[in-house]
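Take a look at the structure set out below.
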Amino acid sequence: MGKTPSKLILAGCLALTACFAGKAFAADKKWGQYQVEDRRSGYTFAAPETRAMQDDNFQNPGMLWAEIGEELWEKTEGEAGKACASCHNGPETMKGVAVSYPKYVAEKKNLENLEQRINRCRTDNMKAKPWKYESKELLGMTVFVRNQSLGMPMNVKVDGEYAPFFEKGKAFYEQRRGQLDLACKHCHEDFEGGQLRANILSQGQGNGFPVYRLKWSGVGSLHRRFRGCNKQVRSKPYGYGSDEYLALELYVMWRGRGLPVETPAVRN
Ligand code: HEC
Ligand code: HEC
């Protein structure tokens, strides 16, 4: 308690030599499928040129990653002599799969995100090596699988076995951290629509991930984004696929419930 969020933000502003300007967009603007009640995709905060890139499959550079995934889908690898296609047939069998990740897995007593589910098929079903986080293979396949659910509303579970993970993710989201002493919610809820350096602060939704980021000149996972946001406030980033980020992923996906899968979205 003590300091108000705005004072903290101001402190953060000074430290980052950043500035928050007022709300850049009218809250009542209608964004079609990209807005559900008060929940808005990062698409609605993006510059018109960036949105145009995302809208056109031929211009969207993220589609190159989908093509990598498409090729790997047919590729036989591992001691079992199988490809994804040997068991799953066409990629259309993946339609609708992405909307409910991360999912609870009883054998692990833990959540599993789509990257980890894909890798479990590699190790257990193909007897192949798992792909590394942020490799072009794992990003490519994740983009490809999520892209089969393009436009479908996100719908993760948060009750039953999910409840403790949801609570953990929510607590992480609200926890002040780092030298700037800011929580996710300060930037993405309290200052939504404000400006931080070159960026308009969005609601920090996860529905477009993995995204093609102009700044990265490439595609990156949601956990890469979490790490970047943790580092922005000078706090410790957690590992790719860590329990902390899995719980946070569940909470972030729940925040965006009903928003469409946009993978591969294009962002600044
Ligand atoms: C030897 C057969 C086999 C191979 C090869 C295989 N899988 Fe699977 N996969 C399965 C089975 C079985 C399931 C569990 C089905 C279920 O949960 O209904 C599964 C589940 C999945 C799921 C979760 C689906 C859901 O509804 O949540 C994804 C995603 C997936 N596989 C992707 C892949 C990818 C990508 C590859 C290639 C890298 C691959 N699989 C290779 C057998 C296989
Ligand atoms: C100091 C302010 C700040 C804090 C604190 C912060 N972020 Fe961010 N975040 C940003 C900025 C700036 C961007 C890029 C512009 C945007 O989409 O808001 C961003 C982007 C994102 C995005 C991508 C949204 C999209 O549509 O591409 C996600 C997801 C995200 N943040 C999640 C988080 C989470 C989870 C936390 C807490 C661990 C967090 N952020 C903490 C500033 C912050």
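Read the numbers this way: they start at 1 and go in the same order the structure lists the ligands and their atoms.
- In H188, the part holding a heavy atom less than 4.0 Å from any atom of ligand 2 is the side chain.
- Within ligand 2, the atoms closer than 4.0 Å to a non-hydrogen atom of L196 are 1 (C), 2 (C), 12 (C), numbered from 1 in the order shown.
- Of the heavy atoms in L201, both backbone and side-chain atoms come closer than 4.0 Å to ligand 2.
- Centroid-to-centroid, the aromatic rings of F172 and F226 stay 6.0 Å apart or farther.
- Only the side chain of F209 comes within contact range of ligand 2, with a heavy atom under 4.0 Å; no backbone atom does.
- By the 4.0 Å heavy-atom criterion, I200 is counted among the residues contacting ligand 2.
- At a threshold of 4.5 Å between non-hydrogen side-chain atoms, the residues P210 and W65 do not count as touching.
- The neighbour count for E79 CD, taken as heavy atoms of other residues, nucleotides or ligands under 6.0 Å away, does not exceed 12.
- Side-chain contact between R224 and F209 is absent, with no heavy atoms from C-beta onward closer than 4.5 Å.
- Residue G42 has at least one heavy-atom neighbour below 4.0 Å for each of these atoms of ligand 2: 26 (O).
- Side-chain N/O atoms of T44 and Q35 include no donor and acceptor closer than 3.5 Å.
- Among protein residues, W73, K82, A83, C84, C87, H88, M94, V97, Y101, K103, L114, R117, I118, C121, R122, N125, M126, M141 come within 4.0 Å of ligand 1, judged on heavy atoms.
- For Q203 (side chain) and D38 (main-chain N/O), a donor-acceptor pair under 3.5 Å exists by modelled atom type.
- Per-residue contacts place C187 under 4.0 angstrom from the following atoms of ligand 2 (heavy atoms of the residue considered): 1 (C), 2 (C), 3 (C), 4 (C), 5 (C), 43 (C).
- Within the 4.0 Å heavy-atom cutoff, A183 counts among the residues contacting ligand 2.
- Ion pair E37/R257 not flagged as a salt bridge, since none of the NZ, NE, NH1 or NH2 atoms sits closer than 4.0 Å to an Asp/Glu carboxylate oxygen.
- Coordination check, C229 versus atom 8 (Fe) of ligand 2: passed, since an N/O/S atom of the residue sits under 2.8 Å.
- A salt bridge is absent between E71 and K75: the closest approach of a Lys/Arg side-chain nitrogen to an acidic carboxylate oxygen does not fall below 4.0 angstrom.
- Applying the ring-ring contact (aromatic ring centres under 6.0 Å, His included) test to Y101 and every residue at least two apart in sequence or in another chain returns nothing.
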Practice task
Report the C-alpha separation of E112 and K103 in whole Å, then their side-chain angles, then the decisive distance to 0.1 Å, and conclude whether the side-chain contact (heavy atoms from CB on, under 4.5 Å) test is met.
Solution key: CA-CA 5 Å; E112 185 178 68; K103 271 190 186 170; 5.6 Å; no
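- Note on ligand 2: Q205 sits in its first shell, one or more heavy atoms being nearer than 4.0 Å.
- Remark: ligand 2 atoms within the under-4.0 Å shell around heavy atoms of N230 are 38 (C).
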Practice task
Could you give me the CA-CA distance, side-chain angles and deciding distance for Q148 and V97, then say whether side-chain contact (heavy atoms from CB on, under 4.5 Å) is met?
Solution key: CA-CA 8 Å; Q148 305 308 315; V97 164; over 6 Å; no
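- Between Y34 and Y43, the ring planes are parallel. Angles under 30° get that label, and only those over 60° would be called perpendicular.
- Polar contact with ligand 2: absent for Y173 (N/O pair, distance under 3.5 Å).
- Checking each of Y173, Y162, F165 against Y251 for a ring-ring contact (aromatic ring centres under 6.0 Å, His included) leaves exactly one that passes, namely Y173.
- Near L248, the atoms of ligand 2 lying under 4.0 angstrom from a non-hydrogen atom of the residue are 35 (C).
- Two residues are said to be in side-chain contact when any heavy atoms from C-beta on lie closer than 4.5 Å; M63 and P264 meet this criterion.
- Close approach of ligand 2 to V233 (heavy-atom distance below 4.0 Å) involves ligand atoms 1 (C), 5 (C).
- Ligand 2 has at least one atom lying under 4.0 Å from a heavy atom of L222.
- Shown in contact with G204 at under 4.0 Å from a heavy atom are these atoms of ligand 2, numbered in order with element: 22 (C), 24 (C), 28 (C), 29 (C), 30 (C).
- When non-hydrogen atoms are compared, ligand 2 lies under 4.0 Å from the side chain of F226 (C-beta onward) but not from its backbone.
- When side chains are defined from C-beta on, H223 counts as touching E249, because their heavy atoms get closer than 4.5 Å.
- In terms of polar-atom proximity, R267 is counted as a contact of ligand 2, with an N or O under 3.5 Å from an N or O of the ligand.
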